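Letters go in sequence order (proteins before strands), and every chain restarts at 1. Because the structure is predicted, anything quoted here is derived from the model rather than measured. We use all heavy atoms of the structure for the numbers below, so side chains are in, but hydrogens, waters and symmetry mates are not.
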There are 2 protein chains.
Amino acid sequence: MKSYEKVFVDFLKRNNLKLTHPRSIILQAVFRNHDHFDIETLYDQIRVEHKNVSRATIYRTIPLLVEAGLIKNPLRQESKDRYEYIYGHRDHLHLVCSKCSKIIEAGSKQIEKLLAEIAQKHDFRIEEYNLVVSGICKKCLNK
Amino acid sequence: MKSYEKVFVDFLKRNNLKLTHPRSIILQAVFRNHDHFDIETLYDQIRVEHKNVSRATIYRTIPLLVEAGLIKNPLRQESKDRYEYIYGHRDHLHLVCSKCSKIIEAGSKQIEKLLAEIAQKHDFRIEEYNLVVSGICKKCLNK
DNA sequence: GCCTTTTATGAGATTGAGTCTCAAAATCAA
DNA sequence: TTGATTTTGAGACTCAATCTCATAAAAGGC
Ligand SMILES: [Zn+2]
Ligand SMILES: [Zn+2]
Ligand SMILES: [Zn+2]
Ligand SMILES: [Zn+2]
């Protein structure tokens with residue numbers, strides 16, 4: 001048994017969930033992708049060999065793999081776009097509360113400086129960066 | 001005329017676009033939002049006084065305001081979720097080249113440390129952060 | 001094996017933010 | 001005022017993601 005399989009099996013056991021056939025197929029398919037993948041692509045890959053695994057089961061299994069610490073979505077966004085005006089408004093970064101959706105604004109100068117250093121190290125010219133920090137705000141922590 | 005109006009009018013002129021009634025109404029509504037707003041909320045706000053401004057026009061005007069440098073969407077990343085496996089992989093940043101799509105992976109330790117400091121300052125518990133840096137890679141710069 | 005209870009599944013319907021279509025309306029320069 | 005051109009409103013459409021529910025698979029006791 002590969003070690004990532006063990007991680008998943010242990011996670012399932014801890015949560016009283018079953019290692020079913022579809023879950024096993026999905027796990028293998030995920031670990032064949034050594035790149036970033038979207039779920040539609042994963043669905044197509046799985047379907048080549050396993051015509052009976054449904055889209056719903058894939059969508060249900062992905063969060064389990066995330067929770068198990070096996071995969072993550074490094075580009076995760078919010079489900080809808082939110083805007084703010086920037087004219088006459090200092091640049092800042094956003095701490096988004098995943099419980100109440102509140103946004104805390106914080107200075108971004110240090111981050112920008114650090115990113116500039118990192119970019120220089122890789123001879124990369126930054127055009128823009130998107131940073132979303134999600135977590136729990138003070139108020140929600142105290143509930 | 002407020003200065004943000006001037007910015008928008010100049011932008012429209014430069015691009016041979018017209019300052020129409022709906023565009024003007026939308027601009028005012030946007031600048032009444034001193035918070036982050038989503039378009040559905042903006043639509044409802046506008047609808048209170050202007051029942052005839054359509055959702056489509058709002059969706060069409062927002063990118064103009066972005067292009068004019070008046071607003072931005074600081075949280076937008078990609079239109080669909082993408083994943084990568086993290087098990088046995090050190091955490092890293094993504095420098096994505098907008099010319100050739102190459103992804104340069106860089107260490108994220110310093111960024112994490114800095115974010116932790118910022119979060120602590122705001123009594124915020126970080127669950128995850130997502131950072132995507134886009135720009136031009138070394139190779140493409142030399143072309 | 002068998003029965004029972006619980007959990008998971010597949011297929012397809014539904015959601016909802018965002019986009020597109022197109023006939024009608026508004027704009028503006030001549 | 002005219003007429004070419006741009007913009008608009010209404011609603012149809014898209015598509016990733018979620019939900020529903022009847023059926024199927026799993027696990028434990030026997
Ligand atoms: Zn909160
Ligand atoms: Zn902000
Ligand atoms: Zn990566
Ligand atoms: Zn490049």
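- B/Y43 places its OH atom 16 Å from the P atom of C/dT19, with the value rounded to the nearest Å.
- Residue pairs meeting the salt bridge (Lys or Arg N to Asp or Glu O under 4.0 Å) criterion with at least one partner in residues 41-62 of chain A, sequence neighbours excluded, are A/E40-A/R55.
- Evaluation of the salt bridge (charged side-chain N to carboxylate O under 4.0 Å, His left out) rule for B/K143 yields no partner, not counting sequence neighbours.
- C/dA8 atom C1' lies 11 Å from atom CG of A/L64, rounded to whole Å.
- Rounded to an integer number of Å, the gap from A/R60 CZ to C/dG10 P is 7 Å.
- For the side-chain contact (heavy atoms from CB on, under 4.5 Å) test, residues two or more places apart in sequence or in another chain that qualify with B/I25 are B/I46, B/H50, B/V53.
- Proximity of residues 15-26 of chain B to DNA chain D (heavy atom under 4.0 angstrom from any strand atom) is restricted to B/L17, B/K18, B/T20, B/P22, B/R23.
- Between the CG atom of B/L12 and the P atom of C/dA26 there is a distance of 19 Å, given to the nearest Å.
- Here side-chain hydrogen bond (donor to acceptor under 3.5 Å, both in side chains) pairs that include residues 15-28 of chain A, with residues two or more places apart or in two chains, are A/Y4-A/Q28, A/E5-A/Q28.
- Only A/R47, A/N52, A/V53, A/S54, listed by number, bring a heavy atom of residues 45-55 of chain A to less than 4.0 angstrom from any atom of DNA chain C.
- With sequence neighbours excluded, the residues that form a side-chain contact (heavy atoms from CB on, under 4.5 Å) with A/K13 are A/V9.
- Atom-to-atom, NZ of B/K13 to C1' of C/dA29 comes out at 15 Å; the value is rounded to the nearest Å.
- Cluster partners of B/V48, using a side-chain heavy-atom cutoff of under 4.5 Å among ILVMFWY residues and allowing indirect links: none.
- Taking the side-chain contact (heavy atoms from CB on, under 4.5 Å) definition, one finds that A/E67 meets it with A/F11, sequence neighbours left out.
- One distance of note links CD of B/E117 with CG of B/L115; it measures 9.5 Å at 0.5 Å rounding.
- Atom CD1 of A/I39 and atom P of D/dA17 are 6 Å apart (whole Å).
- The side chain of A/Y59 contributes no N or O atom lying less than 4.0 Å from OP1 or OP2 of D/dT18.
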